[in-house]
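Worksheet for the structure shown next.
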Number of protein chains: 2
Amino acid sequence: MNKGFETPQAAEDAFYDAIEDSDLNKLMATWAPGDDIFCLMPMRPAVTGRQAVQEQWEELFSSVSEVEITVSHMSWLETADMAVHLVQESVAFGTGGQPQPPIYAVNVYRRTTEGWQLVGHQNSPAPPPLNMAPPGP
Amino acid sequence: MNKGFETPQAAEDAFYDAIEDSDLNKLMATWAPGDDIFCLMPMRPAVTGRQAVQEQWEELFSSVSEVEITVSHMSWLETADMAVHLVQESVAFGTGGQPQPPIYAVNVYRRTTEGWQLVGHQNSPAPPPLNMAPPGP
């Protein structure tokens with residue numbers, strides 16, 4: 001079984017590193033086992049359970065090769081055994097790629113005797129920034 | 001200060017009841033106090049902190065009068081002091097209104113000595129169902 005991480009933040013760092021590396025094994029090592037874990041990627045059906053989560057990331061990694069993600073924290077809710085991080089992800093595709101409009105993510109971590117592991121990831125589109133409104137006539 | 005609820009589910013029921021009633025006081029009684037609570041409504045900026053959460057719902061209630069919400073559970077993650085519910089919301093506006101396409105929501109609850117209270121709510125659009133694909137030629 002996967003080893004957990006010492007803190008929710010360590011699990012989060014490993015999660016985004018694995019996405020940047022398109023490394024499915026490294027990515028799945030950040031997720032907890034179990035049928036109750038969930039993942040909601042933009043405009044895709046929500047999936048629950050380790051098998052479905054793994055298949056979704058496998059498909060994503062097969063279509064994206066290089067990606068750079070900058071994560072900024074907006075809010076942390078942490079208790080002894082569960083942590084919820086609201087973050088903003090800025091994603092750029094390819095080397096020197098232009099960053100896409102940021103998207104929100106909520107990452108949920110749970111602590112077992114193994115340590116902290118990811119149990120939920122949800123993306124939401126962020127609204128276009130005010131300065132991207134169409135110019136006037 | 002607000003009294004909490006006996007279970008995360010009781011807080012969730014009260015939350016959706018308050019939305020159906022457009023009752024801001026009842027709604028804010030389901031949210032915990034604090035600067036770390038967060039709310040992400042569809043295509044709106046994420047807001048954090050009780051004041052901003054309240055202002056957002058006040059604005060929403062001023063533009064929507066009658067709404068009916070059917071909630072189905074997809075996954076529950078619960079520990080002693082925190083609970084995360086992944087649900088699908090089917091919303092219908094007005095009496096006998098047609099249900100809109102369902103949207104996903106993650107609701108986060110935290111337990112204090114007061115009981116369980118809502119600390120996070122995030123909506124994500126669900127992809128269109130397969131049977132809504134445009135018909136072939």
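All values reported here derive from a predicted model rather than from experimental measurement. Residue numbering restarts at 1 for every chain, and letters A, B, ... go by the order of the sequence lines.
Interface residue B:Arg44: only backbone heavy atoms are found under 4.5 Å from chain A. Heavy-atom distances place the side chain of B:Leu86, and not its backbone, under 4.5 Å from chain A. Looking at B:Val108, only its side chain comes within 4.5 Å of chain A, counting heavy atoms on both sides. Only the backbone of B:Glu78 comes within less than 4.5 Å of a heavy atom in chain A; its side chain stays farther off.
A continuous path of ILVMFWY side-chain contacts below 4.5 Å connects A:Ile69 to A:Met74, so both sit in one hydrophobic cluster. Residues B:Met41 and B:Phe93 share a hydrophobic cluster, clusters being chains of Ile/Leu/Val/Met/Phe/Trp/Tyr side chains in contact below 4.5 Å.
The choice from A:Gly34, A:Ala83, A:Gly49, A:Pro125 that makes the most heavy-atom pairs within less than 4.5 Å of chain B is A:Pro125. Of all the listed residues (B:Ala46, B:Pro42, B:Ala80), the one sharing the greatest number of non-hydrogen pairs under 4.5 Å with chain A is B:Ala46. Chain B forms the most heavy-atom pairs under 4.5 Å with one residue out of A:Val84, A:Val106, A:Asn123, and that residue is A:Val106.
The nearest pair of heavy atoms linking A:Leu77 to B:Phe38 is CD1-CE2, 3.5 Å. Shortest non-hydrogen contact noted between B:Ser124 and A:Gln122 is OG-NE2, 2.8 Å.
No more than 12 heavy atoms of other residues, nucleotides or ligands sit less than 6.0 Å from atom CG of B:Asp35.
Side-chain N or O atoms of B:Ser75 include none that pairs as donor or acceptor with a backbone N or O of A:Thr48 at under 3.5 Å. Side-chain N or O atoms of A:Tyr104 include none that pairs as donor or acceptor with a backbone N or O of B:Leu40 at under 3.5 Å.
The shortest distance between side-chain heavy atoms of A:Met82 and B:Asp81 does not fall below 4.5 Å.
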